[in-house]
Amino acid sequence: MLTQNLGYPRVGSRRELKKAEEKFWSGAVSAQELDQTARHIRQQNWETQRKAGIDLIPSNDFSLYDQILDTCLLTGAVPERYQPLVKKDPLTLYFAMARGLQQEGIDIGAMEMTKWFDTNYHYIVPEFTKDQEFKRISDKPVKEFEEAKALGIVTKPVLTGPVTFLAVGKEKEPGFDRIDLLPKLLPIYTDLLQELADKGAEWVQLDEPVLATDLSERQRHAFSLVYSALRAAAPNLRILLATYFGDLQENLETALSLPVDAIHLDLVRSPEQLETLLLNTGFVRSTRQLSLGVVDGRNIWKNDFQKSLHLIRKAEEVLGKDRLIIAPSCSLLHVPYDLDTETALPGDIRNWLAFAKQKLSETKILAQIFLDKRPWSECPVYLENQNAVQQRQQSNKIHKAAVKSRVAGIRPKDSERGTTFSERQSFQHKQLGLPLFPTTTIGSFPQTEEMRRLRAAYKKGAVTLEAYEAAIRDEIVASIRWQEEVGMDVLVHGEFERNDMVEYFGEQLSGFAFTQNGWVQSYGSRCVKPPVIYGDVDRPTAMTVRWSSFAQEQTALPVKGMLTGPVTILQWSFVRDDQPRRDTAFQIALAIRDEVIDLEKAGIKVIQIDEPAIREGLPLRKSGHKAYLDWAVEAFRLSASGVKNATQIHTHMCYSEFNDIIGSIAAMDADVITIETSRSQMELLDAFADFEYPNEIGPGVYDIHSPRIPAAGEMVGLLKKALKSIPPKNLWVNPDCGLKTRKWPETKAALVTMIDAARTLREEISR
Ligand SMILES: Nc1nc2c(c(=O)[nH]1)N[C@@H](CNc1ccc(C(=O)N[C@@H](CCC(=O)N[C@@H](CCC(=O)N[C@@H](CCC(=O)O)C(=O)O)C(=O)O)C(=O)O)cc1)CN2
Ligand SMILES: [Zn+2]
């Protein structure tokens with residue numbers, strides 16, 4: 001019985017990579033220094049896994065930005081517009097594709113980015129053309145394999161499987177299906193596998209999470225083509241086919257028919273599929289190995305050893321122990337590094353948790369207990385584990401009767417505004433008196449280094465609350481003055497007081513715990529520290545009213561109240577696994593509802609409830625969509641429906657494809673929705689147009705995830721494109737998302753240009 005790991009976090013246990021990268025981008029450190037940091041992280045990760053006793057340790061799970069972008073370079077899937085950079089140094093090309101490049105007369109936008117399945121991790125979307133050619137232009141998997149080998153560790157290189165790679169990309173021109181590119185793509189993989197085998201690799205892991213989604217017949221068929229070719233190319237290399245994030249269902253048959261040496265199943269998301277697999281006589285009679293993903297790679301709860309050991313035993317009874325591999329359910333990329341560094345968590349809660357490093361030990365311990373001759377109940381580690389599991393179940397920190405009864409008492413009318421949108425629209429237009437194409441921003445302004453440092457100092461006790469809050473007030477006043485000066489129509493307070501749009505609310509709600517160093521990569525160098533929802537949620541006191549009122553007092557123009565919605569708070573936290581997500585969402589929704597009502601009472605006329613994660617929470621299978629969307633939409637409506645007709649409710653969404661959920665977005669019935677659209681050239685709006693989306697829309701006119709400042713003409717062009725599908729009286733002008741990751745100079749320049757674009761359009765329309 002072996003143990004393995006599918007992938008390890010890579011930002012560094014102290015976010016060393018993030019820091020080195022951001023310095024590299026600003027010119028403060030050299031490429032060599034960045035490379036040293038990256039090497040050091042890889043080495044530490046490998047050592048940690050070796051020390052934990054993991055048998056199959058991954059390599060090439062590291063990335064400077066994103067593993068799909070790495071795969072684009074591996075296969076030469078470099079879009080035309082970056083071709084002039086291919087001859088430059090590889091890092092320039094790499095980061096230009098990730099972040100855009102504006103330098104020495106060159107001005108190229110970044111590639112599109114979107115969510116990795118149902119996670120809060122964002123990948124770069126590969127672009128394919130009809131006559132796409134592939135050519136290996138990077139040696140990363142080989143180099144990293146050799147790097148580990150030099151340290152005495154023979155790793156298992158991890159590659160994005162060819163079918164998944166094509167599936168997560170998109171066609172940049174009509175007239176072909178990207179799956180038809182496989183015959184051209186395959187040689188890259190066969191060559192690479194041969195080379196890895198020659199260099200001494202014994203195992204290779206091919207990640208094919210698309211097997212947990214609804215596949216087309218052609219995609220399913222593609223699997224046999226691909227894996228027969230890979231098998232033939234490297235007969236002595238053991239191929240592990242890794243699936244995760246869900247049940248293979250009708251794809252299980254396909255997966256089991258492939259000539260691979262081992263298959264990995266996510267038994268946390270779907271323990272049931274083990275039984276189905278064990279009924280497959282073809283698999284059972286073969287010598288293939290089965291990797292049991294029993295340790296949750298998506299959440300931070302301590303493993304329940306009893307549950308896992310039962311699954312392992314079930315598999316062992318049919319396959320024997322030698323064919324089993326024990327593993328986390330998916331890559332540990334989605335959990336923080338190490339619980340040992342968390343010193344501020346309440347002791348009991350801490351004892352319920354496991355981060356990446358602890359999950360490695362759990363994986364190893366499960367194998368050890370299973371192989372131990374003693375009954376489980378005589379193993380001290382087992383007893384200790386069961387003790388923690390029971391303590392959590394019985395803790396009085398978890399259950400609040402008042403919260404449960406309020407959720408039980410929710411009535412249908414609580415989720416209704418009571419009027420149609422068009423009635424509300426006239427009340428709102430009268431109350432707000434905005435021009436055509438009103439300009440606004442999504443909420444956050446740059447989080448300057450000084451502000452972050454001050455907050456860190458305040459949290460450490462080195463700066464007083466008074467000094468910290470005075471600095472926030474100064475920032476708010478300055479930003480309100482500036483917005484007035486440049487002619488913004490609906491202002492924001494800037495979110496300077498927030499570390500993160502979810503963590504900030506988590507800190508003020510009960511039932512949440514937070515970590516000091518629980519960072520998880522969100523995209524590129526950007527990380528989040530998801531709060532832990534461990535118990536019933538309520539709102540002890542108003543959370544944002546004070547800052548919003550202060551901002552509103554500074555100006556006669558409307559300032560938007562700014563809240564994070566219930567589904568997003570749920571989605572971007574580590575959630576309870578002891579009750580349905582829906583129940584937690586409703587508890588949060590009621591807390592947000594109270595906050596919305598309090599903001600209205602305080603004189604705030606426009607209130608934004610952000611739901612950027614609503615699409616991300618969508619189940620991977622169509623069969624699960626309706627049930628999810630029903631409660632997700634209801635949770636949003638519950639939070640938004642306690643206000644008067646004249647109060648304008650905004651929502652904001654980003655980084656998602658909305659085509660398949662447009663009906664539900666309309667059902668949210670927000671008066672205004674601002675959405676991310678610019679990297680995809682307003683493609684998204686087609687969905688809104690086809691649906692004849694009735695409410696007001698602000699399609700983002702520029703990409704805020706890149707430092708690039710677009711020209712006014714570009715924005716006017718996008719707006720005109722938008723006007724083809726949105727009536728003028730419903731169109732807003734705003735960036736794609738909040739500006740917290742940007743610096744002030746580029747923010748100011750871009751927003752002034754944006755306001756210019758709105759003015760140009762107003763003039764053209766009135767002529
Ligand atoms: N949760 C979440 N998910 C999201 C988003 C989001 O905003 N939040 N946005 C979308 C895109 N993803 C994003 C994710 C992260 C960031 C982001 O800006 N993250 C920051 C960290 C934000 C934060 O929590 N900051 C804290 C801690 C700051 C910090 O690092 N402090 C220093 C000390 C200060 C210093 O000396 O500089 C430290 O602890 O080392 C704060 O402001 O208080 C970063 O990586 O840089 C942006 C977008 C989708 N998913
Ligand atoms: Zn956003």
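Worth saying up front: this structure is predicted, and the values here are computed from it rather than measured.
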Test: R178 cationic atom under 6.0 Å from F128 six-membered ring centre, within 45° of axis |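 Output no; distance or angle outside limits.
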State, without any angle test, whether [X] and [Y] hold a side-chain donor-acceptor pair at a distance under 3.5 Å.
X: S525; Y: E22; value: yes
X: D610; Y: T564; value: no
X: T568; Y: E611; value: yes
X: N734; Y: T674; value: no
X: T160; Y: Q67; value: no

Only distances under 3.5 Å count here; give the side-chain donor-acceptor pairs of residues 745-752 to other protein atoms, sequence neighbours excluded, each with its distance to 0.1 Å.
residue	atom	partner	partner atom	Å
E746	OE2	R742	NE	2.6
E746	OE2	K743	N	3.1
T747	OG1	K743	O	2.7

By ring-ring contact (aromatic ring centres under 6.0 Å, His included), which residues pair with F658, not counting sequence neighbours?
->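 Scan of F658 (ring-ring contact (aromatic ring centres under 6.0 Å, His included), adjacent residues dropped) gives none.
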With F445, which residues qualify under ring-ring contact (aromatic ring centres under 6.0 Å, His included), at least two apart?
->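 F445: ring-ring contact (aromatic ring centres under 6.0 Å, His included) contacts with W744.
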Should [X] and [Y] count as side-chain neighbours, where that means a heavy-atom distance under 4.5 Å?
X: L206; Y: P162; value: yes
X: M111; Y: I68; value: no
X: H264; Y: Q205; value: no
X: S329; Y: R269; value: no
X: L718; Y: Y702; value: no
X: L159; Y: V204; value: yes
X: L353; Y: E342; value: no

When rounded to the nearest 0.5 angstrom, what is the spacing between CG in L618 and CZ in F117?
->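 Reported to 0.5 Å precision, the distance equals 13.0 Å.
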Spacing of K740 atom NZ and E495 atom CD [to the nearest 0.5 Å] =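 Between atom NZ of K740 and atom CD of E495 there are 6.5 Å.
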Among all residues two or more places apart in sequence or in another chain, which pass the salt bridge (charged side-chain N to carboxylate O under 4.0 Å, His left out) test with K357?
->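 Salt bridge (charged side-chain N to carboxylate O under 4.0 Å, His left out) list for K357, sorted by chain: D338, D340.
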Any residue meeting salt bridge (charged side-chain N to carboxylate O under 4.0 Å, His left out) with E616, in chain and number order, not counting sequence neighbours =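 Only K115 meet the salt bridge (charged side-chain N to carboxylate O under 4.0 Å, His left out) criterion with E616.
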Is it true that a side-chain atom of [X] and a backbone atom of [Y] form a donor plus acceptor pair closer than 3.5 Å?
X: E33; Y: S30; answer: yes
X: Y123; Y: V168; answer: yes
X: R298; Y: H334; answer: no

Aromatic plane relationship, W25 with Y65 - under 30° parallel, 30 to 60° tilted, over 60° perpendicular |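 Geometry flag for W25 against Y65: tilted rings.
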Taking the six-membered ring for Trp, are Y121 and W116 parallel (under 30°), tilted (30 to 60°) or perpendicular (over 60°)?
->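 Plane angle over 60°, so perpendicular.
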Residue pairs fulfilling salt bridge (charged side-chain N to carboxylate O under 4.0 Å, His left out) with at least one residue in residues 497-507, sequence neighbours excluded |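 Pairs touching residues 497-507 that pass the test: K459-E507, E503-K529.
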Can we call the ring centroids of Y8 and F62 under 6.0 Å apart?
->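 Not close enough - the centres of the two rings lie 6.0 Å or further apart.
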